[in-house]
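The next block holds one structure in the form of structure tokens; read it before the comments.
Excluded from the calculations below are hydrogen atoms, water molecules and symmetry mates; all remaining heavy atoms, backbone and side chain alike, are included. Proteins come first, then strands; the chains are lettered A, B, ... in the order of their sequence lines, and each starts at number 1.
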Protein chains: 2
Amino acid sequence: MAGQTRRRGAALEEAILAAAVAELAESGYAGLTMDKVAARAGTNKNALYRRWPNRLALGIAAYKQLAKAAPLPDTGELRGDALELLRQANRHWSSPLGGVLRELLAAAGGATEFLAQLQDQSGDAAAAPWLTLLGRAVARGEAAPEVLHPRVATVAVVLLRNEFVVRGVPSAPDDVLVEIVDEVYLPLVRRRSAS
Amino acid sequence: MAGQTRRRGAALEEAILAAAVAELAESGYAGLTMDKVAARAGTNKNALYRRWPNRLALGIAAYKQLAKAAPLPDTGELRGDALELLRQANRHWSSPLGGVLRELLAAAGGATEFLAQLQDQSGDAAAAPWLTLLGRAVARGEAAPEVLHPRVATVAVVLLRNEFVVRGVPSAPDDVLVEIVDEVYLPLVRRRSAS
DNA sequence: AACTTACGGTACGGCCAGTACCGTAGTTGC
DNA sequence: GCAACTACGGTACTGGCCGTACCGTAAGTT
């Protein structure tokens, strides 16, 4: 064969991951088969199963390669920041990547050990940007301090994610984002502890 | 064989659905195989594929048999109603049925024609009870009239569903429900159009 | 150099979706 | 009451995929 040299260790691992990423991007998790990844990486399934216990683990690893954090918006006012962050999420979920994430969440099926791997991308870690964004708004007097709580801060993204779960793939139109921000998020966050 | 008579039409269809429901309840959607359903119904896959085009369609049909609407709570005040409705949803999603629903939503993978079948159980139709519940609260003066909007009305359930998607199977503790109601839902809904 | 480790090739077991074919029982129309 | 038709039951098969096993051989190790 052409390949006089035989790859090992990290070099091979990177090649496999790259192949998995490519398959994931092209065909989604459903189309990610161990045989195809092995073929694409120019190796065989042995090398895969030596590194990842099963297909799901490889899929998650490949997804994590694909998903990268976007910079935090700073428009100077809460509404603009929230909308922009929501648009980022919208782009992510309506891209092929969003479908992949849904497939993975599904394949994990509630298995905590796998879900934990995905939370960085989809769950708790996603609260951090919202909290800092809200923190700035509180400092500006745009929001009440008692809303600096993960459950409250992330309401907007959670609602948007719900759109995708319930309605399906296509990207949410911008009106939906505006509606979420204006009808729910801002009223919720602006409250002056109305008892 | 024992069965002298041969079932046809509706009788057979019911038997198949019953078998599918049983399999779904025992093993979830992942464990629902066409062979097992056929065997359990005492027939073969032909009869199945004559009625449903594929496994997912049968799974959804079986799920719809399983899920039935619970009566609408009426405790006399908004907080109690909302909490009770949330507890219903919590029970549903933390039961095996919830896992099944998640599996189905995943298997549908954004295919609109299938999602539409599930929305009755999980999506838009779920907005109706919340709207009537809120309507009563508005009449009592417990909520502002401008919150009679599906997006706003369903915020609580959507947040709860998110718990399941992100955290996994186990039932959400009651504190979480209380937190959702007290930290998010009531403040959101009680606003007196704070501009 | 000998030794160990990991890759490559290949083959296979097992499971399952979906399809095809055919004999036969039940139903319908005459 | 007979024929034609429809739908069920049995069975077999294709094709795809996950996961495992075995074995020869190249790469790194001492």
Which value, rounded to the nearest 0.5 Å, describes the distance between A:L24 atom CG and A:Y29 atom OH? 9.5 Å

I'd like to know if the side chain of B:Y185 and the backbone of B:A153 have a donor-acceptor N/O pair within less than 3.5 Å. yes

B:L12 CG to C:dT27 C1', in whole Å, measures 15 Å

Nearest-angstrom distance from the residue atom CG of B:L56 to C1' of C:dC16: 16 Å

Using 0.5 Å steps for rounding, measure from the NZ atom of A:K36 to the CD atom of A:E26. 8.0 Å

Which whole-number value in Å describes the distance from A:Y49 OH to C:dG13 P? 17 Å

Check whether any side-chain nitrogen or oxygen of B:R51 sits under 4.0 Å from OP1 or OP2 of D:dC8, and answer yes or no. yes

Per the under-4.0 Å heavy-atom filter, residues of residues 24-38 of chain A near DNA chain D come out as A:L32, A:T33, A:M34, A:D35

Any carboxylate oxygen within less than 4.0 angstrom of a Lys/Arg side-chain nitrogen, looking at B:E77 and B:R136? no

Separation between CG (A:L86) and CG (A:L177), nearest 0.5 Å, reads 5.0 Å

What is the distance from atom CE of A:M34 to atom CG of A:N46, rounded to the nearest 0.5 Å? 11.0 Å

On the nucleotide C:dC16, are OP1 or OP2 found under 4.0 Å from the side-chain N or O atoms that B:R55 carries? no

Polar side-chain atom of B:T75 near backbone of B:D81 as donor-acceptor pair, under 3.5 Å: yes

Interface residues of residues 40-48 of chain A with DNA chain D (non-hydrogen, below 4.0 angstrom): A:K45, A:N46

Is it the case that the side chain of A:E142 and the backbone of A:L78 share a donor-acceptor pair, with hydrogens and angles ignored and the cut-off at 3.5 Å? yes

